[in-house]
There are 2 protein chains.
Amino acid sequence: MKSHQVTIKDIAKILGISASTVSRALKDHPDISFETKKKVKELAEELKYKPNAIALSLQSNKSHIIGIIVPQIVHHFFSTVISGIEEYAGEKAYNIIITQSNENPEKEISNCRTLLSGRVDGMIVSRTKDTENFDHFRNVLGTGTPIVFFDRTCHGIKTDKVVIDDYKAAYEATEYLIKTGCRNLLHFSGPENLKITSKRMWGFADALKKNHFPFNEDLIIKADSFEEGRKMIFKLHKENKLPDGLFTVNDMTAAGAMSALNELKIKIPEEISVFGFTNGAISKITSPSLSTVEQNGHLMGYTAAEILINKIENETHEVLTKILPTKLIIRNSTRHL
Amino acid sequence: MKSHQVTIKDIAKILGISASTVSRALKDHPDISFETKKKVKELAEELKYKPNAIALSLQSNKSHIIGIIVPQIVHHFFSTVISGIEEYAGEKAYNIIITQSNENPEKEISNCRTLLSGRVDGMIVSRTKDTENFDHFRNVLGTGTPIVFFDRTCHGIKTDKVVIDDYKAAYEATEYLIKTGCRNLLHFSGPENLKITSKRMWGFADALKKNHFPFNEDLIIKADSFEEGRKMIFKLHKENKLPDGLFTVNDMTAAGAMSALNELKIKIPEEISVFGFTNGAISKITSPSLSTVEQNGHLMGYTAAEILINKIENETHEVLTKILPTKLIIRNSTRHL
DNA sequence: ATAAATATCGCAATCGTTTGCGAATTCGTT
DNA sequence: AACGAATTCGCAAACGATTGCGATATTTAT
């Protein structure tokens, strides 16, 4: 099928010179005469010669490929990050190979293997919710392949990270709810072993404490999906325990909660304010539109790629954690100041 | 940085045998004695030897990489398709390299170049809305690299396609609106040079005609995003031209329309039914939840990968167009039968 | 015992490109 | 005229793995 792609040897043969001369001519090596260069370049142009990236990789031991592992490509936040990675990588002439773990630690391990044997120059990773053993990442680092984690990082591994200040953002969101008159707050939270969700939880808790609100663990409820958000609202409603302010671990959960509240004819934000997290695509679509924390996924990906490629090309060994700024996006699911 | 990855030569040197023997031992070549095989395999295991994919590629002229070009990774439908591609590719030990054109034909051309010089074995593509010249795709095909188009295909290029029957799906959706009592229908449409949107439009038009409804071009309105959907509803409302049934070219547009209708306190579906297209993530989130056409992106990607890899490995030359089934998803933005 | 068959392994070329080093040619200088 | 310098280019090795073929060594058959 594959018809023969033009190689440097083809050009050499046609011109009756050696392959080395062609190679040097194409990259303006001073040893080559102007005339030879001209002939070579013209023919290369005519035959649409493209250097064989694979041969170059073999030579240089660099593939110019970045491997990515995310839980799900379909998830809006992750695809935003990927898009950011792709942008910076493109600028630097890197390609990206994407794999997804589907929140399955086993798959994550096999993804590492795949990318390693694909000889990627580095990896950008957001781990599974359930990843507890990090040996596969240590193996990768052991081969000299750098990793940059984003969003969901791994505790106890010495490597670069790009995150946001989940604690601070949650604190601010909670305080906004308080300032706009909410007196009875609740937080829908995610799995505890994820640092980002526990940080958001602590931000919520500390904001309450600082503002002299009573706090106990009943104010933290496990719910981190559209369905669970819905269910939990119905449950709270039945038990007559609905709050007047709700801060959720992500936008989807908020959307689920709002969907239930709408069905119950409970007015948002008059009777209950809802604050999400992530500023995903859905936050503009909900009724009413959702106040949320902007977590700039594109920038996160872009930054991760920047750090990684810099590490690849300059072989620096310093380990840094980059904290990206967040900001509150106030829409119509919360009252105004 | 990159510490030396163990190669076949390392194993050979340690064991005092030749590289060729190691190579054959690892793949159970009958020429090699049992003892030698055992020694080689044990050492390979111990040193965590992984064959160098790049060297293999150079040898076989196969990279085991599939290149993907989509307008936007972030778009839910496309990321669903990518996820499907990734799944089948993973099963067949292929990697995927993803590029996005950002709806920019220039970028699409450069993406083709990038993937070509990355020596991908084949490509899966959904083109830009504005791509009018297809020469870059013809160039790719000219190098013997097969392409499978999905969703947005290219007219006049002889290559495989995976699509849905947009016409039929639109026809059925429209007919559903009619059957549930809508008498005054409108269609929010996309750019005309995209086959999929014009097919959806014709499906809408023919359903009207078949049901003896008057049809004229005023029933087709250009609006294919959340914002435009919103604006157009407000405009129609001001002009007192709101329909009692709305079929949109995609879910986002429907969501925008519903957002405006909600603000105008117009009841869905009592006063106006809304029918979307795609069954994206947002269709469950809208208030009320959106009736829509299921366009199985995951299956589309999976199928495209199947066709492509089959073509790569078996070097078949037949060109086929696979039409995937759709079905109506009836939720709460339309009345029931 | 000798030829033939078998078992086991190494040499070298190959994939496409790069690069140090040496070779050949031309030019300039005295 | 002769010698050194400069110009221009080719040879060959290297990257890691595969594979046809040839080279031993061992065993079997006659």
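To find a chain, count down the sequence lines: A is the first, B the second, and so on, and within it residues start at 1. Below, all heavy atoms of this structure are taken into account, side chains as well, without hydrogens, waters or symmetry copies.
To the nearest angstrom, P of dC15(C) lies 10 Å from CG of Asp10(A). Rounded to whole Å, atom P of dT18(D) lies 14 Å from atom CD1 of Ile54(B). In this structure, CG of Asp28(B) is placed 13 Å from P of dT18(D), rounded to the nearest angstrom. Atom NE2 in His29(A) sits roughly 12 Å away from atom P in dT8(D) (whole-Å rounding). Going from atom CZ of Arg119(A) over to atom C1' of dC15(D) covers 12 Å, rounded to whole Å. Leu56(A) has its CG atom 13 Å from the C1' atom of dT19(C), to the nearest Å. One atom, NZ of Lys62(B), and another, C1' of dA17(D), lie 16 Å apart when rounded to the nearest Å. Straight-line distance from the CD atom of Glu35(B) to the P atom of dT26(D): 13 Å, rounded to whole Å.
OP1 or OP2 of dT18(D) sits under 4.0 Å from a side-chain N or O of Ser23(B).
By the 4.5 Å heavy-atom criterion applied to side chains, Val81(B) and Asp151(B) are not counted as neighbours. Using a 4.5 Å heavy-atom threshold, the side chains of Ser117(B) and Pro51(A) count as separate.
With hydrogens and angles disregarded, a donor-acceptor distance shorter than 3.5 Å links the side chain of Thr7(A) to the backbone of Lys9(A). Without hydrogens or angle criteria, Ser23(A) side chain to Ala19(A) main chain gives no donor-acceptor distance under 3.5 Å.
Here the straight-line distance linking atom CG of Asp121(B) with atom CG of Asn61(B) works out to 8.5 Å at 0.5 Å rounding.
Nucleic acid contact class of Lys27(A) (heavy atoms, under 4.0 Å, all strands): sugar-phosphate only.
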Sugar-phosphate or base contact per nucleotide [nucleotides 5-10 of chain C; S, B, -; heavy atom under 4.0 Å]: ---BBB
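Using bins of under 30°, 30° to 60° and over 60° for the plane-to-plane angle, the ring pair His75(A)/Phe77(A) lands in the perpendicular bin.
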